[in-house]
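Below: one structure, written as structure tokens.
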Amino acid sequence: MSEPWGVVESRERAEELRHLNAIGHLAPHDHPAAPGGPLGGMPLVVKDNIHVAGMPNTAGTPALANHVPREHATVVRRLVDAGAVIVGKAAMHELAFGITCDTTPLGPVRNACDPSRFAGGSSGGTAVAVAAGIVPAGLGTDTGGSARVPAALNGVCGFRPTTGRYPSDGMTPLSGTRDTAGPIARTVADLALLDTVLAAEEPEPLIESPPIRLGVPHDFLTGDLSEDVEELWEAALARLGAAGVILVPLDDTPLAELVADQGMPLVIHEAGTGLRSYLAEYVPDVSFERLVREIAAPDVRAIFAEAVVPGVEPAVYEAALATRSALRRAYAKIFDESGIDALAFPTTPATARDFSAVGSFVHRGREVPTFATFIRNCQPGSIAGFPGLTVPMGRARDGLPAGLALDGPVGGDRKLLAVGAFVERVL
């Protein structure tokens with residue numbers, strides 16, 4: 001852990017910062033943790049869609065308000081066995097179907113750097129709890145950027161592992177092909193420590209082998225940035241180049257073409273089937289129809305009414321799976337042909353907006369949809385199942401943070417974290 005951090009201090013800080021609405025459930029007493037262990041009493045929060053025995057698992061939705069799991073998800077069990085103390089459940093966008101966390105049961109989750117702005121999502125509560133100093137780290141989930149986007153918007157680090165690296169049991173599902181737990185922390189070193197625990201690997205130092213080669217896209221992932229993010233991105237590239245990083249220009253238009261129509265059919269189909277199976281296994285007294293009927297957030301209610309409940313045609317879903325396979329090949333080709341260690345780009349095209357912009361906002365002189373804009377850059381790697389990381393890139397002139405994202409090759413999680421630690425030091 002990067003600095004001493006006590007459970008008592010975490011509780012006091014959580015009470016002091018209740019107005020941020022980051023913690024949906026603060027544990028009334030210490031959750032038992034294994035003595036010693038690599039996490040040594042580290043206090044953590046866990047997103048409200050990952051099971052912690054004896055704590056509510058509402059996934060931010062009314063129908064699950066009384067759901068209290070009896071057993072930990074495996075990822076939580078590994079953290080507790082390693083010495084972590086779970087101090088509470090973090091607020092989230094309802095059913096993980098959003099990017100703002102503006103309509104939680106507590107009220108909007110407020111950005112740790114500017115409470116008038118949204119936190120990002122759907123793991124917004126975890127990111128705010130870390131950024132505001134309530135805990136040194138926490139656990140979120142990431143389907144299309146849900147850990148990295150709020151981490152970037154709050155000025156901390158977030159990690160999405162290669163899909164399948166961490167166990168996925170005991171999690172309220174969104175997309176079976178894309179969901180994964182993902183840690184959020186103040187430093188890459190803490191992410192790396194949590195990664196070894198979550199993946200059940202032996203701890204090992206992060207060693208990067210210089211010179212580091214970063215791929216720099218010149219179209220899709222780095223185009224149409226807000227002016228402040230563009231300034232930070234160009235400054236970051238200059239600093240990385242001065243530090244000896246080899247910057248390799250890349251054409252990322254194939255990614256844009258494959259992502260365009262592909263992401264949502266997967267999620268829409270898998271949310272319907274996955275939630276039905278989850279309810280039958282864990283909450284049999286709540287039907288899928290009741291879950292949908294009681295959805296509180298207008299944006300989530302609309303998605304279910306217009307898409308999830310009607311479902312997608314089998315042929316559309318099969319086509320989406322085929323396009324996902326093509327995207328995986330396109331990603332792998334970029335790494336194979338360029339010899340890069342990681343692909344680098346801004347995590348989000350803009351910094352956090354105020355709460356009037358949860359549906360749309362003015363971006364470079366035109367109105368754009370908030371959801372699609374903020375997930376744009378994290379979406380390709382998420383669909384393909386590649387590991388992704390965000391580290392702070394600096395603060396814009398208005399004081400709001402932005403993130404620099406790094407995507408690595410499948411299975412290259414530890415190398416990606418090593419590269420991220422170096423980039424973090426440079427920036």
Side-chain angles (χ1 to χ4, degrees), residues 99-101 111-114 116-121 123-124 127-128 131 142 144-158 160 184 214-242 245 247 249-250 252-253 255-256 259 342-382 388-407 420 423-424 426-427:
I99 208 70
T100 56
C101 291
N111 192 288
C113 303
D114 181 349
S116 71
R117 309 285 180 130
F118 59 64
S123 307
V128 171
D142 194 305
S146 283
R148 291 160 293 160
V149 168
L153 298 185
N154 286 276
V156 292
C157 303
R160 174 197 170 87
I184 296 174
L214 292 182
V216 181
H218 58 65
D219 183 38
F220 175 52
L221 295 171
T222 56
D224 198 27
L225 306 174
S226 66
E227 291 181 3
D228 49 359
V229 171
E230 190 167 49
E231 284 180 9
L232 289 170
W233 168 241
E234 291 174 353
L237 290 180
R239 293 176 72 177
L240 290 166
V245 174
L247 303 175
L250 292 173
D252 61 344
T253 49
L255 303 183
V259 166
L343 191 65
F345 49 92
T347 311
T348 60
T351 54
R353 303 293 89 193
D354 64 40
F355 286 102
S356 66
V358 295
S360 63
F361 67 103
V362 176
H363 179 68
R364 299 198 78 105
R366 71 191 194 285
E367 190 169 357
V368 298
T370 300
F371 179 81
T373 302
F374 274 88
I375 68 166
R376 185 194 78 183
N377 285 4
C378 289
Q379 181 94 310
S382 301
L389 172 69
T390 182
V391 300
M393 187 164 64
R395 300 249 177 162
R397 281 173 288 180
D398 59 5
L400 291 169
L404 186 147
L406 298 163
D407 279 2
V423 171
E424 178 187 39
V426 171
L427 299 183

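Start at 1 with the first residue, then count along the sequence.
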Trace of the side-chain contact (heavy atoms from CB on, under 4.5 Å) decision for N377 with T348: CA-CA 6 Å; N377 285 4; T348 60; over 6 Å; no
Value rounded to 0.5 Å, distance of CZ in R395 from CG in L232: 11.0 Å
Closest approach of C101 to G120 (non-hydrogen atoms, all atoms of both residues): SG-O, 3.3 Å
Sub-4.5 Å side-chain heavy-atom contact between L404 and L427: yes
Separation of E231 CD from R397 CZ (nearest 0.5 Å): 4.0 Å
A151 to A127 - nearest heavy-atom pair and separation: N-CB, 3.8 Å
Among D354, L153, I99, side-chain contact (heavy atoms from CB on, under 4.5 Å) partner for F118: L153
Spatial distance of atom NE2 (H363) from atom CD (E227) [nearest 0.5 Å]: 10.0 Å
Test item: C378 and T347 side chains (from C-beta on) under 4.5 Å apart, heavy atoms: yes
Test item: D228 side-chain N/O and A396 main-chain N/O as donor-acceptor pair under 3.5 Å: no
Check: S360 side chain, P369 main-chain N or O, donor-acceptor pair, under 3.5 Å: no
Heavy-atom pair of closest approach, residues G155 and P401: N-CG, 3.4 Å
Where R376 and L221 come nearest, the two heavy atoms and their spacing: NH2-O, 3.6 Å
From Q379 atom CD to F220 atom CZ, the distance as rounded to the nearest 0.5 Å: 8.0 Å
Within-4.5 Å side-chain heavy-atom neighbours: V216 and L250: no
Side-chain touch L214/L343, heavy atoms, less than 4.5 angstrom: no
No-hydrogen, no-angle side-chain donor-acceptor test under 3.5 Å, R117 and T351: no
Distance flag, aromatic centroids of F361 and F374, threshold under 6.0 Å: yes
CD1 on I375 to OG on S382, rounded to 0.5 Å: 8.5 Å
Taking every non-hydrogen atom, the tightest pair across A350 and S226: CA-OG, 3.7 Å
Derivation and outcome, side-chain contact (heavy atoms from CB on, under 4.5 Å), residues L406 and L389: CA-CA 5 Å; L406 298 163; L389 172 69; 4.2 Å; yes
Heavy-atom pair with the smallest gap, counting every atom of P346 and L225: CG-CD1, 3.7 Å
Student check: side-chain heavy atoms of P392 and C157 closer than 4.5 Å: yes
Check against side-chain contact (heavy atoms from CB on, under 4.5 Å), R160 and T390: CA-CA 9 Å; R160 174 197 170 87; T390 182; over 6 Å; no
Main-chain N/O of S123 paired to S146 side chain as donor or acceptor, under 3.5 Å: no
N154 side-chain N/O to V156 backbone N/O, donor-acceptor pair under 3.5 Å: no
F345 side chain reached by D407 side chain, heavy atoms, under 4.5 Å: yes
Side-chain donor or acceptor of D142 paired with backbone N/O of A147 under 3.5 Å: yes
D252 side-chain N/O to L255 backbone N/O, donor-acceptor pair under 3.5 Å: no
Nearest-0.5 Å distance that lies between atom CG in D224 and atom CD in E230: 9.5 Å
